[in-house]
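Read the structure below first, then the notes.
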Amino acid sequence: MAKVLVCVAWPYANAAIHLGHVAGSLLPPDIFSKYHRLIGNEVLMVSGSDQHGTPITVKADKEGVTPEAIADRYHEINKKAIEGLDIEFSLFTKTHTPNHIEVVDDVFLTLKDKGYLYKKGTQQYYCPKCEKFLPDRYVEGICPACGNEKARGDQCEKCGKTFEGGELTSAVCLHCSTAPEMRETEHYFLKLSAFHQPLIDWISGKENWKSSVKLFTRNWLEAGLQDRPITRDMSWGVPVPLPGWEGKVIYVWFEAVIGYLSASKEWAKKIGRPEEWKAYWQDPEVRSYYFLGKDNIPFHTIIWPAMLMGYGGLNLPYDVPANEFLTFKGDKLSKSRGNSIDIPSMLQRFEVDAIRYYVAANMPENKDADFSWSDFETKVNNELVATLGNFYHRVLSFTYKHFGTVPEYKGSDDDRKEVFDAIEAAAKQVASDLEACEFKRALKGIMDLAQYGNRYFDGVGPWALIKKDRDACGSALNLNLEIVKALAVMSYPFMPRSAKGAWKLLGQEGDLEATGWKAIAAPLSGGQKLQEPKPLFSKIAAEKEDAGSAFSGFSALNLKVGQITEAGNHPNADSLLLMQVDIGKKVQIVAGLKAYYSPDELKGRKVVVVSNLKPAKLRGYESQGMLLAAEAGELVTLLSPPEDAAPGDAVNSGMVPGEKQIEFKDFQKLTLRVGTVVGKGKVDVGREIRYTGPEVAEGTRIAVFLPSPEASEGLAFFTEKGAPVVGDQRLPGGATVR
RNA sequence: AGCGGGGUGGGGUAGCCAGGACAUCCCGUCGGGCUCAUAACCCGGAGACCGGUCGUUCAAAUCGACCCCCCGCUACCA
């Protein structure tokens, strides 16, 4: 009997958790903990909602409510979702509690007393009317360098100059338009540099860590550790526990990780033994596991350990089995991208065990795994329902129908040994995989045993045997029921609901969790009454993927004819040009064309512009679009709109132009090519394909959109007037457009 | 461009760190069996020379070099 501390990354309380959280950090520790409880270990598993930080205040501002209201709202939603998933925490708390604040204060003050924190002053804008320090983005003024009237506190968007505090002329607070004053503000810094060597030494002993986690950490350490500020001028968070520091809070990244400790203490108080947390944190024999997604690695392998070292007397992480990401159609699942598959709605539509099974079977343990509805449906229906569910049901229902109780075993010892050996081998493998946090492999071991069961059942043929030899049939069924029981116990960490269901149908005494893993080897007592079986899983019908029309990707773009009115060198970059372009309205565009065009050549030239790209700053200057150019090796040339095109004309190829802003990286995923027209409706883009668009003379280079790189059909770029976009005659077929 | 991860039968994957005899499993597919079971189960077949090239070795999917492609983060990518 041992104790195990299981720490789970804290979901951020500004949205409902989605499948990515479940796959990355929530389900693995639950499987792990359930297994440890089955083998009789005591597990303390803690987590909670991370409630502080700017994104929550932003959301609160938008909705006109307090940050606490937002944070508590999502805490409740997520807490419920987690319970709905049958994930059992010893305590799932939140960071905005008196207990957490008290523990954070203690850690902060202890580190400070030990000399690991120091303060450093900086000049910052302060608004006397709002009575607070202003983040740089809330300050606007005139840029002393270029006269731009809307320069931000830290940087001028127009000329790219960056400022130290106070350089802006006529600065105003964006909230109340008052002129801010400069005030000295101080912040505490964590002396991470002091832990550089101790961390390197500590990491080097971690042979059991996943190689990706270790490598990532080592690279971080090799890059050197910078001291980091751990306080901010802000009101939502854990207040800095020092007189004179009102209005400042402790940075979330510093404070949230302390949650593991504060939650342990809160749990101890709640069970009425306030010192009990020490058994998990101070006994060096107790292993602590931290489950999280890969984006969270440095906080748990560098910062948190550094804090623990500094604090002293508490166990450092034993293992950090970080998972990769679960992706959706190749994109990271995230709240911001809007493709989240949130748990509350999944739970409404599917059985918990189906979700748990799929996530475990498709867990991104070593590399990103992709989620798709069709894969979800196949795995659940063909593996979980057909293999495991069917085995449970055929054995239980047949036995129930013909015997009603567990039949006595009257067969030979050899037959019995064969089955028990198979069970034991499976149990041993599953156990060692679970201990090593190899969840996918463990689950496979279970499914293999289910398949063995199906094979065994088939081999015996009870439906025929029952007519010839009732005792022999009963004996065979007895062994099949042993397999059912073993499967129930072994699958419990993964699918607790159906496991307990099978346990009950078997007529087992006591509950599964209490009886534990050892029930696998304990023979069933003949004569125990079976319950009327019902299928434990049912098939699902998942969503249909929307196919989308062939050229739908093109309509994400909003292309316009533009005319360059001004062009000049970017003052602050080697390869960039800065241009003003008329696309019906004036926009500023930065392009990496210096090596190919001089500003004079460009002035007055007509170009094709992607007008709905999300603006981005390039070396300090905002670029509000991009010019389309074709690229073939060293040759880079701009695409030309037709002669008669006027600035602002749409280049929509007969489709509805996209209105939404698109990300640069999404633009990059589109396949745009230049090809040589070789005949009617045919174009050579490195190979010959058909294209849709106006008729063009042979030999002309035209720009083409391809639905995929291998597509056999493309869409030519043409304007609303029906004239094509052409490329330089020197271009070879297949040149890339960017 | 830099850093990290990955490229294994139609799709998805295991194996790679500690090289070795017919390359794993799931889905799909083809053929057969069974009828207890949620058109479920069982058996058998076809199908990959393990991204490419060159090396190390008696032996490489597994080690090394170079190259190509994909994904993530970062960037003077637009």
Side-chain angles (χ1 to χ4, degrees), chain A residues 160 207 210-212 214-216 218-220 222-223 294-295 297 324-325 327 330-332 361-362 364-370 372 374-375 377-379 381-402 438 440-441 443-445 447-448 450-466 473 477 480 533-540 570-577 579 589-594 609-610 613-629 631 662-665 667-669 709 737-738:
Chain A
E207 298 303 331
K210 283 192 192 184
S211 58
S212 58
K214 213 175 150 174
L215 188 70
F216 190 88
R218 211 171 40 218
N219 286 346
W220 242 69
E222 275 169 14
K294 66 178 168 189
D295 50 336
I297 292 173
E324 309 283 312
F325 292 138
T327 61
D331 275 335
K332 183 183 165 185
N362 198 27
E365 287 177 306
N366 295 311
K367 55 184 166 195
D368 290 354
D370 200 47
S372 77
S374 70
D375 190 41
E377 188 180 291
T378 331
K379 283 210 161 69
N381 289 349
N382 295 336
E383 297 176 21
L384 179 64
V385 181
T387 305
L388 181 61
N390 187 237
F391 178 66
Y392 278 153
H393 194 243
R394 70 197 296 208
V395 174
L396 289 166
S397 61
F398 189 91
T399 317
Y400 179 78
K401 196 164 141 198
H402 294 277
E438 299 250 21
K440 259 204 286 210
R441 196 200 286 247
L443 182 57
K444 192 179 170 320
M447 297 309 286
D448 285 347
Q451 195 170 33
Y452 170 84
N454 274 316
R455 208 179 306 137
Y456 190 75
F457 191 89
D458 260 37
V460 173
W463 54 90
L465 198 55
I466 187 81
C473 183
L477 289 172
N480 274 107
K534 294 184 297 272
L536 292 164
F537 305 103
S538 37
K539 294 205 170 188
I540 59 170
H570 191 298
N572 201 16
D574 293 336
S575 64
L576 299 180
L577 293 178
M579 289 165 277
I589 290 182
V590 182
L593 293 171
K594 204 169 181 174
V609 178
V610 182
L613 262 191
K614 190 178 165 194
K617 283 191 297 290
L618 291 178
R619 206 68 179 174
Y621 286 74
E622 183 162 282
S623 184
Q624 297 158 323
M626 74 182 277
L627 309 182
L628 288 184
E631 179 185 33
I662 62 169
E663 297 272 344
F664 182 64
K665 60 168 64 166
F667 169 77
Q668 283 185 308
K669 285 181 187 149
V737 175
R738 59 163 197 129

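Lettering follows sequence order; numbering is per chain, from 1.
Taking atom P in both U29(B) and C66(B), the straight-line distance is 44 Å, to the nearest Å. A distance of about 46 Å separates the P atoms of G20(B) and C77(B), rounded to the whole Å. To the nearest whole angstrom, the two C1' atoms, one in C25(B) and one in A37(B), are 24 Å apart. On the C1' atoms, C26(B) is 26 Å away from C69(B), given to the nearest whole Å. Nucleotides G51(B) and G6(B) have their C1' atoms positioned 11 Å apart, rounded to a whole Å. Distance noted for atom C1' between A78(B) and U62(B): 42 Å (whole Å). Between U38(B) and A14(B), the two P atoms lie 34 Å apart (nearest whole Å). Distance check on atom C1': A48(B) versus C43(B) gives 23 Å, rounded to whole Å.
Straight-line distance from the CG atom of Leu215(A) to the P atom of G4(B): 7 Å, rounded to whole Å. Atom CG in Asn366(A) sits about 17 Å away from atom P in G12(B), given to the nearest Å. Protein atom NE2 of His393(A) is 15 Å distant from nucleotide atom C1' of A39(B), rounded to whole Å. When rounded to the nearest whole Å, the span between CD of Glu377(A) and P of G12(B) equals 18 Å. Protein atom CG of Asp370(A) is 10 Å distant from nucleotide atom C1' of G12(B), rounded to whole Å. Between the P atom of C77(B) and the CD1 atom of Ile589(A) lies a distance of 15 Å, rounded to the nearest Å. Look at CG on Asn382(A): it is 6 Å from P on C27(B), rounded to the nearest Å. Here the C1' atom of nucleotide C42(B) and the CZ atom of Phe391(A) are 13 Å apart, to the nearest Å.
The residue among Arg455(A) and Ala591(A) whose nearest nucleotide of RNA chain B lies closer to the 5′ end is Arg455(A). Mapped onto RNA chain B by nearest heavy atom, His402(A) and Asp448(A) fall at different nucleotides, with Asp448(A) at the one closer to the 5' end.
Between Met447(A) and Leu388(A) there is a side-chain heavy-atom pair separated by less than 4.5 Å. Contact of the Leu477(A) side chain with the Phe457(A) side chain is registered, since non-hydrogen atoms from C-beta on lie closer than 4.5 Å. At a threshold of 4.5 Å between non-hydrogen side-chain atoms, the residues Phe391(A) and Tyr452(A) do not count as touching.
Closest heavy-atom contact between Pro533(A) and Ser397(A): CG-CA, 3.5 Å. Asn381(A) and Ile540(A) make their closest contact through OD1-N, 2.9 Å (heavy atoms, listed as atom of the first residue, atom of the second, distance). Closest heavy-atom contact between Ala361(A) and Lys440(A): O-CD, 3.2 Å. Pairing each heavy atom of Ser538(A) with each of Val385(A), the nearest pair is O-CG2, 3.8 Å.
Residue ring and base: Phe398(A) does not count as stacked with C36(B) (centre distance below 5.5 Å and interplanar angle below 30° not both satisfied).
Within 4.0 Å (heavy atoms only), Phe457(A) reaches at least one base atom of the nucleic acid. Residue Leu536(A) is classed as a base contact, given a heavy-atom separation below 4.0 Å to a base. Nucleic acid contact for Phe537(A): base, since at least one base atom lies under 4.0 Å from a heavy atom of the residue. Within 4.0 Å of Val590(A), counting heavy atoms only, lie sugar-phosphate atoms of the nucleic acid but no base atom. Contact annotation for Pro535(A): base contact, defined as any heavy-atom pair under 4.0 Å involving a base atom.
Comparing G28(B), A40(B), C36(B) against the side chain of Ser397(A) picks out C36(B) as the nearest. The side chain of Thr387(A) lies closest to C41(B) when the candidates are C41(B), G12(B), A40(B). When each of C71(B), A14(B), C42(B) is scored by its nearest atom to the side-chain atoms of Asn454(A), the top-ranked nucleotide is C42(B). Each of C36(B), C71(B), U38(B) was ranked by its minimum atom distance to the side chain of Asp368(A); first place goes to C71(B).
When the side-chain nitrogen and oxygen atoms of Lys440(A) are compared with OP1 and OP2 of G15(B), none of them lie within a distance under 4.0 Å. Gln451(A) has no side-chain polar atom (N or O) that falls below the 4.0 Å cut-off from OP1 or OP2 of C25(B). Lys444(A) has no side-chain polar atom (N or O) that falls below the 4.0 Å cut-off from OP1 or OP2 of U13(B). Neither OP1 nor OP2 of A39(B) sits under 4.0 Å from any side-chain N or O of Asn390(A). Residue Arg441(A) has no polar side-chain atom (N or O) positioned under 4.0 Å from OP1 or OP2 of A14(B).
Stem regions annotated for RNA chain B: B:1-7 with B:68-74, B:10-12 with B:25-27, B:29-33 with B:41-45, B:51-55 with B:63-67, counting only runs of 3 or more consecutive pairs of Watson-Crick or G-U type with both contacts under 3.5 Å.
Relative orientation of the Phe398(A) and His402(A) rings is tilted, given thresholds of 30° and 60° on the angle between their planes.
Note on Lys367(A) versus Glu324(A): no salt bridge recorded, every NZ/NE/NH1/NH2 to OD/OE distance being 4.0 Å or above.
Between the side chains of Asn454(A) and Arg394(A), a donor-acceptor pair is found at a separation under 3.5 Å.
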